[in-house]
Protein chains: 2
Amino acid sequence: MADRFAEIESFVKIVESGTLSEAARRLNLSLAATSRRLSQLEQRLGVLLVRRNSRHLSLTEEGSLLYERAGQALLAIDDVETDVMRRATEATGLLRIVTTIGAGRTRLAPLFRDYATLHPDVAIHLETAQHATGIIEGGHDIAICFDPPPDSALMMKHLADNPRFLCASPAYLNRRGRPHRVAELSAHDNILVGEAQQEIWRALVGGDTGPRVTLSTNDAELARAWALDGAGIVIKSQWEVEDDLAAGRLEAILPDLRLPPSVIAALYLPGQAEAAKVRSCLDFLARHLRKGALMAA
Amino acid sequence: MADRFAEIESFVKIVESGTLSEAARRLNLSLAATSRRLSQLEQRLGVLLVRRNSRHLSLTEEGSLLYERAGQALLAIDDVETDVMRRATEATGLLRIVTTIGAGRTRLAPLFRDYATLHPDVAIHLETAQHATGIIEGGHDIAICFDPPPDSALMMKHLADNPRFLCASPAYLNRRGRPHRVAELSAHDNILVGEAQQEIWRALVGGDTGPRVTLSTNDAELARAWALDGAGIVIKSQWEVEDDLAAGRLEAILPDLRLPPSVIAALYLPGQAEAAKVRSCLDFLARHLRKGALMAA
DNA sequence: ATGGAATCTTGCGCAAAACGCAATCTAGCA
DNA sequence: TGCTAGATTGCGTTTTGCGCAAGATTCCAT
């Protein structure tokens, strides 16, 4: 089937121009093509739309009908297309964000409030979830999480480094003593969170023996609860435990140790890099997380 | 530029189907083409419309926007197109007719009233004009006239034959005598209407001398006025003079003479043969003019 | 855990269609 | 009668849109 849109578009332009030649000029099209489009439209609909000879044009009743109603519809399509296209350059609409950073929500929340103030046309919907899985199923634009696994289907933007510490509860440290050298760690009860931390531990204590692991889990909150309860030493990032450190519920150990930082990153779909609301929000986050926000804490 | 209509049509079908494959089936299109149309639409608008991986689809906000508004517009276009297409099979709408048959309007008027009664969905607009020229400029669907000259740009439908008579006013005939043989015509005052009648006269009286023409005009009404005024013998068709004959204002001469009849014909634009209202009206006229209507008078 | 089924994407070759050019035709006008 | 502006149509070229098939990804069942 021929291009219905182009046919009707040409027809409308012809009606508005009064001549095929003028319509052709406005359409940046040859007169021949314009003429043929009209003929094809008439043939497809099986009805004469424009009475014409070499000098005059006039609409049949069917032509008027089509012009009135289809012309409106075409304008509606143009409107919505430009509306949609504007989203590529102007940040507007609803930005749906999901984050797995439970403890960090106190960090993120005010940031998004600032962003929303700065961009009155963007509405923020912030969701928390256990797992960052399912940007697509959840209908989210951005996912913010710690140390996301590489995913070929998703874009990743590094937002900030999140320094890691060794820490434990004062009760535990009082009971088992405060380690002052790395080597002493082997004698302690160590809590392991996730797979990735195993390597950090191994690099820390050296050798192939590995740390003495009393408890391990994949749940960061669970590990925190153990640590608070005095179960042992755990690796935690600043965002996760800054409140506990400030309140004295946890104590940092060997603070001069430079552990590889946890990465705070945003995940988004490749195509969404074109959406202004996504781009502007990611830029905003990267800017405000990187400079000072973490250090100040 | 790509086919905007097909792009959006595919997009809407995808949204409504929930999967590309299903949409492809409904569109009678390959999956590949469907996928590409969506990609092209997104690329043209510069924005991601559908979040997708191999298993799940979900709309972005831009997608929802487009679906709501463009979907409506597409339906509107489908609607008006089917409306217009229906005109090819169902007689509906306004039928604009022009006729040059001044004296015959008393014949045509009741016929159109009957037609309108028979086709309640068709509204008739009947106009009279001096010349049948300008179907296009006047925006008419049908022109009805006597003996139209052949026009390659117009279709012609023969509606009925309109018998011709020689006639003159009783006053003239009383003064100059009633001819009983063709040969006597040469001695009479003859009124000539238009170019075509010259040949009829020539065939009638024979030879190359031609008739004795006292008055000639291209205006049928003018010729009628002369004849009524007793200026001479004129060739007139039944429609033009039946009232005058019935009222005794004119008298037929040599009624056995078979003059070539005048033709009552309809002119219309080639493309309009597809419009049901035009077709049905022409058929109706031909049927009712041919059988009986003329003879009965 | 591993293989299978369903789904989407993409490269490639082909065929259909749309375009522009130019010749032709028509109508109005000097 | 020739001239101009506009519309149609045949023809050759180019675009492009399509289907096929291979590849990739995800979910599910064994």
Side-chain angles (χ1 to χ4, degrees), chain A residues 1-11 13-15 17-44 48-58 131 133-138 149-154 269-271, chain B residues 1-11 13-15 17-44 48-59 131-138 149-154 269-271:
Chain A
M1 184 184 306
D3 182 343
R4 290 166 71 184
F5 193 97
E7 280 178 358
I8 298 181
E9 187 182 31
S10 302
F11 168 73
K13 271 280 184 300
I14 289 169
V15 174
S17 307
T19 104
L20 293 204
S21 314
E22 179 56 25
R25 275 187 288 274
R26 295 193 197 178
L27 290 165
N28 289 320
L29 208 64
S30 79
L31 171 61
T34 309
S35 168
R36 251 187 291 254
R37 281 193 186 172
L38 178 56
S39 302
Q40 280 175 17
L41 179 59
E42 289 180 330
Q43 193 173 348
R44 187 166 63 78
L48 186 75
L49 298 172
V50 179
R51 282 179 280 260
R52 53 193 185 278
N53 55 26
S54 19
R55 217 59 173 184
H56 286 273
L57 297 187
S58 70
H131 306 286
T133 182
I135 277 196
I136 289 168
E137 293 86 336
D151 185 331
S152 64
L154 293 176
L269 290 161
Chain B
M1 183 186 304
D3 181 344
R4 290 166 71 185
F5 193 97
E7 280 178 358
I8 298 181
E9 186 182 32
S10 302
F11 168 72
K13 272 280 185 298
I14 289 169
V15 174
S17 306
T19 114
L20 294 204
S21 315
E22 178 58 23
R25 276 187 288 275
R26 296 192 197 177
L27 290 164
N28 288 321
L29 208 65
S30 80
L31 171 62
T34 309
S35 168
R36 249 186 292 254
R37 283 193 186 172
L38 177 56
S39 303
Q40 281 175 18
L41 179 59
E42 288 180 331
Q43 193 174 347
R44 186 165 63 79
L48 186 73
L49 297 173
V50 179
R51 282 180 279 260
R52 54 192 184 278
N53 56 24
S54 17
R55 216 58 172 186
H56 286 273
L57 296 186
S58 71
L59 283 181
H131 305 286
T133 182
I135 277 195
I136 289 167
E137 293 85 337
D151 184 333
S152 64
L154 293 175
L269 290 160

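Just so we're on the same page: letters track the sequence lines, and every chain starts at 1. Quantities reported herein were computed from a predicted structural model and do not represent experimental measurements.
Among the nucleotides D:dG17, D:dC27, D:dT4, the one closest to the side chain of A:Arg55 is D:dT4.
The two residues B:Arg52 and B:Leu48 make their nearest non-hydrogen contact at NH1-CD1, 4.3 Å. Across every non-hydrogen atom of B:Gly18 and B:Leu57, the tightest pair is O-CD1, 3.2 Å.
Distance CD (B:Glu9) to C1' (D:dG17): 15 Å, rounded to an integer number of Å. The separation between A:Leu31 atom CG and C:dA23 atom C1' is 13 Å, rounded to whole Å. In this entry the distance linking CZ of B:Arg44 with P of D:dT16 reads 14 Å, nearest Å. Atom CG in B:Leu154 sits about 13 Å away from atom C1' in C:dA27, given to the nearest Å. The distance from atom CG of A:Asp3 to atom P of D:dC18 is 11 Å, rounded to the nearest whole Å. Between A:Arg4 atom CZ and C:dA18 atom P there is a gap of 14 Å when expressed in whole angstrom units. One atom, CD of A:Glu42, and another, P of D:dT9, lie 11 Å apart when rounded to the nearest Å. Rounded to whole Å, the distance from NE2 on A:His56 to C1' on D:dA5 is 12 Å.
Counting only residues at least two apart or on different chains, no salt bridge (Lys or Arg N to Asp or Glu O under 4.0 Å) pair has a member in residues 27-39 of chain B.
Legend: residues meeting side-chain hydrogen bond (donor to acceptor under 3.5 Å, both in side chains) with A:Ser17, ordered by chain and number and at least two apart, are absent.
Here the CD atom belonging to A:Gln40 is positioned 9.5 Å from the OG atom belonging to A:Ser35, to the nearest 0.5 angstrom. Taking CG of B:Leu41 as the reference point, atom CD of B:Glu9 lies at 12.5 Å (rounded to 0.5 Å). Taking CD1 from A:Ile14 and CD1 from A:Ile8, the interatomic distance works out to 12.0 Å, rounded to the nearest 0.5 Å.
Checked by distance alone, A:Arg37 brings no side-chain donor or acceptor within 3.5 Å of a matching partner on the base of C:dA18.
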Please list, for nucleotides 21-25 of chain D, all pairs of protein and nucleotide N/O atoms separated by less than 3.5 Å.
| unit_1 | atom_1 | unit_2 | atom_2 | d |
| --- | --- | --- | --- | --- |
| D:dT25 | O2 | B:Ser54 | OG | 2.9 |

N/O donor to acceptor pairs below 3.5 angstrom from side-chain atoms of residues 25-34 of chain A, sequence neighbours left out:
| unit_1 | atom_1 | unit_2 | atom_2 | d |
| --- | --- | --- | --- | --- |
| A:Arg25 | NE | A:Glu22 | OE1 | 3.1 |
| A:Arg25 | NH2 | A:Glu22 | OE1 | 3.1 |
| A:Arg26 | NE | A:Glu22 | OE2 | 3.2 |
| A:Ser30 | OG | A:Ala32 | N | 3.4 |
| A:Ser30 | OG | A:Ala33 | N | 3.0 |
| A:Thr34 | OG1 | A:Ser30 | O | 3.0 |

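In this structure, the side chains of A:Glu42 and A:Val50 come closer than 4.5 Å at one or more pairs of heavy atoms. Side chains of B:Leu49 and B:Leu59 form no contact here, defined as non-hydrogen atoms less than 4.5 Å apart.
Residue A:Ser30 has no polar side-chain atom (N or O) positioned under 4.0 Å from OP1 or OP2 of C:dC19. Phosphate contact (OP1/OP2 of D:dT16, side-chain N/O of B:Gln40, threshold under 4.0 Å): absent.
In this structure, A:Ala6 and B:Leu57 both approach DNA chain C, and ranking their closest nucleotides by distance from the 5' end singles out B:Leu57.
Secondary-structure stems of DNA chain D, taken as three or more successive Watson-Crick or G-U wobble pairs (i with j, i+1 with j-1) under a 3.5 Å distance threshold, comprise C:1-30 with D:1-30.
Listed by residue number, B:Thr19, B:Leu20, B:Ser21 are the residues of residues 17-29 of chain B with a heavy-atom contact under 4.0 Å to DNA chain C.
Within 4.0 Å of A:Arg36, counting heavy atoms only, lies at least one base atom of the nucleic acid.
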